[in-house]
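Some notes on the structure that comes next.
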Amino acid sequence: MYKIRADMISWILHKITGFAIVSFLIFHIWGMSQMSKGPDAFNAVIEAYKTPLFKFGEVLLLGAILFHGLNGMRIILGEFTRWAMDRHRLLLVLTYMIAGTLFIIGGIALWRAE
Amino acid sequence: MQVTVEIYRQEAHSGASHFDTFVREVDPTDQILDVIMEIKDDVDGSLAFRKSCAHGVCGSDAMQINGMNRLACQTLIQDLKSDRIRIEPLKGMKVLRDLIVDMDPFFESLAKVKPYFIPKTTAPAAERKQTIEERARFDDTTKCIMCAACTTSCPSFWSNDNYLGPATLVKAHRFIFDSRDGGDRERLEVLDDRDGLWRCHSIYNCTDACPRDIEITKAIGDLKRYTVAQR
Amino acid sequence: MSSRGSKGWLLQRISGALLFITLGVHFYIYHYFMGPGMWGFESIGYGANDLETLRLMAESDPTQARFYALASLFAAPVWKVFDILFITLGCYHGFYGIVANIEDMVTHPTWRPVLSWLTYFAAFILWVMGVVTVISFNPQLF
């Protein structure tokens, strides 16, 4: 078993969150297409969003987007500048910390929202 | 001090594998290579592994030691900070026997990027001049000893062995960024491929594994930017 | 255009960086700024006449307010352009990411291109679905 390093975890998480977001994108575009069918069809979708299962999914989605977005920016920075490459460990820790903090704050707010 | 050494064993013909465990009395400053050579000499003469210079220059004794690719001759017992030592062959390569892997695909991959000087101009009367800055640009990647520790630490290589791998990209870097060399176009043809540069996802396992401390991920980053700019 | 990876790599980074911005805007406008009953969209590009119609609709049936609020945004040309850009970036970046994963893991000479093209095809279908919804949407129909 090869040692699993922090960079490798971020690579695996980037894949997993990417797949999760694409799955949601499919679902979201379908949901919005229901708007063309008028208020009743749309409201049926909105009602479904309010169930605890979907709310839980929404919180997870927020986490996935925060991580994927911030980690993605870290990857771009790291591949385009030697400055960031020299500090890749620090930037990785920052990515986890910022994503984690925003996830806790935003996740609680989203869960409590009406 | 006493250490427990677990070594991966594989039959050459049947391919059957298991781990053998040896309890050894060692000094903290012993090399891992010393330990396995003593096991071969004193306990089990059938243990197979590659070694040559035993001083971190030839690059023949790269193996996976406690979950990391390292040179057995450069790693001391005290470096591992553990009294359990687990030694496995390089991951992602075909095992021929025990710790010996088939290195042919690795060298075939290296050959693809033409790892030799391709002159840009006809030979001058004296030597080809180069400034200190020009030389510094590829200094780091000249240190490669082709031990394969980086390539076999790379998750992209594990899942796709058509991928050129970090060692090959290091070789390409050494020549592409040499101001005297004129083989860029031919090499970029090989690098700008779906199984070339673009399977690198900056996971940094290679940089961590390199026994010569080459900043491999950074070198690959140079190549990515250069390739995108050229094509 | 070369299909050997360099353009794809660069575009994935450009689309990723743009999504970082557009997703922020999308989330803020659609899911935060514009909660039910918040009629803040005069400032973000919707004509007053149609807004008035929508307001009357919402007042006649308050439970439908969220729909009409969203509809008023959805109908504004500037947000139609934004949404098409957003859907295009999202479909491209997301599905190219899947193609990259296929290329990471599938080395079989037939399956690799077949799976990749199926992924591109799925992305195209989804993109058409999204863009048709955005372009054809007309709140006056309801």
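Below, chain A is the first sequence line, B the second, and so on; all start at residue 1.
At a threshold of 4.5 Å between non-hydrogen side-chain atoms, the residues A:I26 and C:F95 count as touching. Contact annotation: the side chain of A:W11 never approaches that of A:N71 to less than 4.5 Å [non-hydrogen atoms, C-beta and beyond]. Annotation: side chain of A:W111 is not in contact with side chain of A:E58 (no heavy-atom distance under 4.5 Å). Side-chain contact check for A:L70 versus A:Y96: every heavy-atom pair is 4.5 Å or farther apart.
Contacts of A:I65 with chain C are made by side-chain atoms alone, with heavy-atom separations under 4.5 Å and no backbone atom involved. Only the side chain of A:H68 comes within contact range of chain C, judged by heavy atoms closer than 4.5 Å. For A:M73, the part lying under 4.5 angstrom from a heavy atom of chain C is the side chain only. C:L19 does not touch chain A: none of its heavy atoms, backbone or side chain, sits under 4.5 Å away. Neither the backbone nor the side chain of A:I21 comes within less than 4.5 Å of any heavy atom of chain C. Of the atoms belonging to C:I21, not a single heavy atom falls under 4.5 Å from chain A.
Residues C:L85 and C:T22 share a closest heavy-atom pair of CD2-CG2, 4.2 Å.
Under the 30°/60° scheme for interplanar angles, the aromatic rings of A:F27 and A:W30 are found to be tilted. Using cut-offs of 30° and 60° on the angle between ring planes, the pair A:H28 and C:H26 is perpendicular.
With values rounded to the nearest 0.5 angstrom, C:D83 atom CG is found 9.5 Å from A:M32 atom CE. Between atom OG1 of residue C:T110 and atom CZ of residue C:R112 there is a gap of 12.0 Å, rounded to the nearest 0.5 Å.
When the heavy atoms of residues 113-131 of chain C are compared with those of chain A, the residues falling under 4.5 Å are C:L126, C:M129, C:G130, listed by number.
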